[in-house]
Structure formats: structure tokens, C-alpha cells
Amino acid sequence: EGLTLENIVVTGEINATSYAGGLLCVYGINATIKNCENRASVNANRAAGIAAWLESGAILENVTNNADITGAVSAAGIANRFAGSIKNTTNNGEITAEGSMPSAGIVAVLYGTSTFDYCYNYGKVVSKYNGANASAAGILGQASSTSNKPTFNYCANFGEIVAEQSHASGIFYSLYGSATANYCYN
């Protein structure tokens, strides 16, 4: 049960009108993506460098985005909507959200309790929209509910964070519940 993707490098350009990811668009429970790299620019409504939408139990490990990602609504360097664990991930691309939802170096919107271990953003993150949910963040843009309790261990943002008309944060922007952060740096 579940999907496993390993040792994949994607190049080129990806354009879509809905969700799009450099390696994967949408997958249900228990997807695992390891040792993968995206070098393809992604332009979509909700865009991400690795996966647009991964539900509970997802594992992302040793993945890197090295391309620019643009979302008409939201954008992320690694995963746009996510629930699971992320370890040893890096975003180096410029991430831009032109719409009403978050832009983030690693995950735009969290949909479940998740752990972020050794996640790094080096890319510029831009939010262009003016609205309550519009934001730019180095690691996580938004946790979708009070039941989502993320843990951040050894995460860092080294990229420029630009919120042209909204909110900005180096590590995480909007948490409706509690979170734990250990040894994080902006």
C-alpha cells in the first residue's frame, strides 16, 4: 500500500491549470519520495517543486528543488499541501504565489500533524496577494487547523522572504494550534 519514488531527477518545464508538482501531482495515503531532485520550472494554480498534494503518512527524504515555482493561488519548493514527515530537504528555487494562499520554501499548507527535520530554504519566497491567508514563509506557510501540531528540528531559512501586500515569516507563518521548534534559524 502506498507509492514509492526513488532516485529520480526531473528537468524541463511543467505547466498546468490546477495542481502540479515536479515529480508528482496528487497521491493519497503513505507516499514515499526519497533521493529525488526537481530541476523543472513549475507553473500551476497550486504548484510545488516535488509534490503538489500528499496526504497523511507521506515521507519525503533527501529531496531537493532547484527550479523556480509559480502558483496562481499557492506555491512551495517541496510540497504544496502535505501531511507526514520531511527530512533532509532543500529548496534552492524562487517560489512565488500570486494568489490568496501561502508561498513557502518547503510546505505551503499543512493538513496533518507533521515533522520537519533538517529542512532548508535558500530560495527567495514571494507572496503577491493581499489577504488573510496570503503569506510568505521560509519553511511552512500555514497549518490548516488547530489539530495540526508540527515539529521543526534543525530547520533554517537563508532566503529572502517578500510579502508584497501580506504577511511574512522566516520559519513558519500561520499556526492555528501549537508547534514545537528546536534549533531553528532564520
Side-chain angles (χ1 to χ4, degrees), residues 19-22 38 41-54 60 63-83 86 89-186:
Y19 288 87
N38 177 50
S41 64
V42 179
N43 294 286
N45 200 8
R46 295 175 191 258
I50 302 297
W53 188 346
L54 293 174
L60 295 174
V63 296
T64 302
N65 176 56
N66 286 317
D68 293 345
I69 310 299
T70 302
V73 174
S74 61
I78 304 299
N80 197 296
R81 296 172 64 139
F82 183 79
I86 301 179
T89 61
T90 302
N91 173 58
N92 295 309
E94 182 170 323
I95 310 303
T96 304
E98 297 171 343
S100 61
M101 295 299 287
S103 179
I106 305 297
V107 172
V109 182
L110 190 66
Y111 280 91
T113 298
S114 298
T115 303
F116 295 75
D117 293 322
Y118 302 95
C119 296
Y120 306 105
N121 176 57
Y122 293 92
K124 182 178 182 179
V125 179
V126 179
S127 173
K128 293 187 172 190
Y129 190 80
N130 183 10
N133 291 322
S135 61
I139 305 298
L140 172 64
Q142 178 186 78
S144 66
S145 78
T146 58
S147 64
N148 301 331
K149 297 173 177 31
T151 300
F152 302 89
N153 297 307
Y154 302 96
C155 296
N157 173 57
F158 300 99
E160 180 183 3
I161 307 299
V162 178
E164 292 182 2
Q165 301 182 53
S166 59
H167 318 286
S169 175
I171 303 297
F172 46 82
Y173 168 66
S174 179
L175 299 173
Y176 293 103
S178 63
T180 303
N182 299 302
Y183 307 103
C184 294
Y185 176 81
N186 178 48

Q: Any idea which heavy atoms bring S74 and P102 closest together, and the distance?
A: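 Heavy atoms of S74 and P102 come nearest at CB-O, 3.2 Å.
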Q: Counting C-beta onward and ignoring hydrogens, is there a side-chain heavy-atom pair between T89 and T64 closer than 4.5 Å?
A: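 They are not in side-chain contact.
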Q: Does the D68 side chain pair with the main chain of E94, one donor and one acceptor, at a distance under 3.5 Å?
A: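 Yes: the side chain of D68 pairs with the backbone of E94.
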Q: Taking it one step at a time, do V125 and V162 satisfy side-chain contact (heavy atoms from CB on, under 4.5 Å)?
A: CA-CA 6 Å; V125 179; V162 178; over 6 Å; no
Q: Return the minimal non-hydrogen interatomic distance between G105 and N91, and the atom names on each side.
A: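 It is O-CB, 3.2 Å.
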Q: So which heavy atom on Y19 is nearest to which on A52, and how close?
A: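 Where Y19 meets A52 most closely, the heavy atoms are CB-CB, 3.8 Å.
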Q: When you compare the side chain of T96 with that of I69, does any pair of heavy atoms fall below 4.5 Å?
A: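 They are not in side-chain contact.
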Q: Find out whether K124 and I95 are in side-chain contact, i.e. whether some heavy atom of one side chain is under 4.5 Å from a heavy atom of the other.
A: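 Heavy-atom side-chain distance check fails, nothing below 4.5 Å.
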Q: Distance from K128 atom NZ to T70 atom OG1, nearest 0.5 Å?
A: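 Here the rounded value is 8.0 Å.
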Q: Might you point out which heavy atoms bring S103 and V126 nearest each other, and give the distance in Å?
A: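 Nearest pair, atom of S103 first, then V126: OG-O, 3.1 Å.
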Q: Specify the closest pair of heavy atoms between A75 and A97, including all atoms of both residues, with the distance to one decimal.
A: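 For A75 and A97, the tightest heavy-atom pair comes out as N-CB, 4.0 Å.
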Q: Mind listing the closest non-hydrogen atom pair of A76 and A79 along with its distance?
A: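 Answer, listing the atom of A76 first, then A79: CB-O, 3.1 Å.
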Q: Working to the nearest 0.5 angstrom, can you tell me the gap between I139 CD1 and I171 CD1?
A: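 Output value for this atom pair is 5.0 Å.
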Q: Kindly say whether T115 contributes a backbone atom to a donor-acceptor pair with the side chain of T151 at under 3.5 angstrom?
A: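 Pair absent, no side-chain N/O of T151 close to backbone of T115.
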Q: Among residues at least two apart in sequence or on other chains, which ones pass ring pair (Phe, Tyr, Trp, His ring centres under 6.0 Å) with Y118?
A: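 So Y118 forms a ring pair (Phe, Tyr, Trp, His ring centres under 6.0 Å) with Y154.
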Q: For the residue pair Y122 and T90, establish whether any side-chain heavy-atom pair is separated by less than 4.5 Å.
A: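 SC-SC contact between Y122 and T90 confirmed.
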Q: Taking the side chain from N121 and the backbone from N157, do they hold a donor-acceptor pair closer than 3.5 Å?
A: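 Side chain of N121 to backbone of N157: no pair is present.
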Q: In Å, rounded to the nearest 0.5 Å, how long is the span from CE of M101 to CZ of R81?
A: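 Between atom CE of M101 and atom CZ of R81 there are 7.5 Å.
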Q: Please round to the nearest 0.5 Å and tell me the distance separating atom CG of N66 and atom OG of S41.
A: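 These two atoms lie 12.5 Å from each other.
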Q: Going by ring pair (Phe, Tyr, Trp, His ring centres under 6.0 Å), name the residues that satisfy it together with Y185, two or more places apart in sequence or in a different chain.
A: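 Testing Y185 for ring pair (Phe, Tyr, Trp, His ring centres under 6.0 Å), a comparison that skips the adjacent residues, returns F158.
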Q: Give the C-alpha distance, both sets of side-chain angles, the deciding distance and a yes or no for side-chain contact (heavy atoms from CB on, under 4.5 Å) between D117 and I86.
A: CA-CA 6 Å; D117 293 322; I86 301 179; over 6 Å; no
Q: Output the distance between atom OG (S135) and atom OH (Y129), rounded to the nearest 0.5 Å.
A: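 It is 13.0 Å, given to the nearest 0.5 Å.
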Q: To the nearest 0.5 Å, what is the distance between OG (S114) and NZ (K149)?
A: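 That separation rounds to 12.5 Å.
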Q: Do you know which of I50, L60, L140 makes side chain to side chain contact (heavy atoms under 4.5 Å, CB included) with F82?
A: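 The residue from I50, L60, L140 that satisfies side chain to side chain contact (heavy atoms under 4.5 Å, CB included) with F82 turns out to be L60.
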Q: Considering residues at least two apart in sequence or located in another chain, which fulfil the ring pair (Phe, Tyr, Trp, His ring centres under 6.0 Å) criterion with F152?
A: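 So F152 forms a ring pair (Phe, Tyr, Trp, His ring centres under 6.0 Å) with F116, F172.
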Q: N80 side chain to A47 main-chain N or O, any donor-acceptor pair under 3.5 Å?
A: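 Yes.
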